[in-house]
Amino acid sequence: MSMIRRSNVFDPFSLDLFDPFDGFPFGSGSSSGGGSLFPSFPRTSSETAAFAGARIDWKETPEAHVFKADVPGLKKEEVKVEVEDGNVLQISGERKKEQEEKSDTWHRVERSSGRFLRRFRLPDNANAEQIKASMENGVLTVTVPKEEAKKPEVKAVQISG
């Protein structure tokens, strides 16, 4: 089974913001590299990288919508799960930067720090009043139960004549 990563840009259930420059050859190279069509901009692992760094899976089961977010190293007090306007699930938090000591020599920094925020528009069958969240081993699981489908009320009409 292969995993296909697709963009959320046109997903009607997603309110994710995206980085329009993601994938462009900006940054990390020097402008003296010669032959580059794009200027080189220093791109640090700032809030943009941390913002996009919270990876979230969304699956639908017959009973619920289940969101799983990778939030390694965070405590449950550092993550916030909210519902806006009754139908927008918002998961946010902040990963603190590691304390630097003057005697430390950093050789590589790949782990992002900063705030992250992800938003998802819940479908009509989501029961926002019964949402549950739990965190175990660096994985936040948010379960949004589905409401039972309302059966249409059928009323017999007497035919006169």
Side-chain angles (χ1 to χ4, degrees), residues 1-33 36 38-61 63-123 126-146:
M1 181 168 133
S2 67
M3 296 297 288
I4 299 172
R5 185 166 187 247
R6 62 186 180 103
S7 174
N8 290 356
V9 176
F10 300 107
D11 184 355
F13 295 117
S14 177
L15 294 175
D16 286 346
L17 297 177
F18 70 100
D19 183 2
F21 299 109
D22 187 36
F24 279 86
F26 295 146
S28 70
S30 68
S31 56
S32 63
S36 175
F38 299 99
S40 177
F41 295 106
R43 300 225 359 198
T44 61
S45 61
S46 65
E47 292 191 17
T48 303
F51 187 87
R55 303 285 183 212
I56 298 180
D57 293 339
W58 175 3
K59 74 175 177 180
E60 183 176 352
T61 67
E63 300 81 29
H65 294 274
V66 180
F67 297 84
K68 290 192 177 227
D70 288 339
V71 288
L74 293 182
K75 299 176 188 141
K76 66 180 184 178
E77 296 82 19
E78 298 172 317
V79 178
K80 194 185 303 184
V81 177
E82 301 172 307
V83 177
E84 283 186 357
D85 299 327
N87 70 340
V88 177
L89 176 68
Q90 179 171 297
I91 300 172
S92 62
E94 184 169 4
R95 185 172 287 120
K96 303 278 190 218
K97 195 171 189 178
E98 228 177 275
Q99 196 70 8
E100 290 186 33
E101 299 292 329
K102 295 213 184 261
S103 62
D104 291 346
T105 301
W106 290 88
H107 294 281
R108 182 177 293 272
V109 177
E110 292 182 351
R111 294 172 38 210
S112 63
S113 62
R115 289 179 279 164
F116 64 89
L117 170 74
R118 298 293 301 273
R119 302 173 81 200
F120 301 91
R121 180 166 302 152
L122 297 172
N127 185 349
E129 301 298 320
Q130 301 293 319
I131 293 178
K132 293 183 179 153
S134 63
M135 195 150 71
E136 187 176 339
N137 296 329
V139 177
L140 172 71
T141 302
V142 180
T143 304
V144 183
K146 291 182 180 179

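In what follows, residues are counted from 1 in the order of the sequence shown. In this text, all values refer to a predicted model and were calculated from it rather than measured experimentally.
- Scanning both residues, Gly86 and Ala128, for their nearest heavy atoms gives O-CB, 3.5 Å.
- Listed by first and then second residue, the side-chain hydrogen bond (donor to acceptor under 3.5 Å, both in side chains) pairs involving residues 126-146 are Glu60-Lys146 (not counting sequence neighbours).
- Taking the salt bridge (charged side-chain N to carboxylate O under 4.0 Å, His left out) definition, one finds that Lys96 meets it with Glu94, sequence neighbours left out.
- Among all heavy-atom pairs drawn from Pro145 and Ala64, the shortest one is CA-CB, 3.8 Å.
- Applying the side chain to side chain donor-acceptor pair (under 3.5 Å) criterion to Glu84, with sequence neighbours excluded, gives Arg119.
- For residues 66-86, every residue pair satisfying the ring pair (Phe, Tyr, Trp, His ring centres under 6.0 Å) rule, not counting sequence neighbours, is listed here: Trp58-Phe67, Phe67-Phe120.
- Within the 4.5 Å cutoff, the side chain of Ile56 has no heavy atoms near those of the Phe116 side chain.
- A heavy-atom distance below 4.5 Å is found between the side chains of Val139 and Asp70.
- Applying the salt bridge (charged side-chain N to carboxylate O under 4.0 Å, His left out) test to every pair with at least one member in residues 71-82, sequence neighbours left out, gives no pairs at all.
- Residues Val81 and Leu140 are in side-chain contact: their nearest non-hydrogen atoms beyond the backbone lie under 4.5 Å apart.
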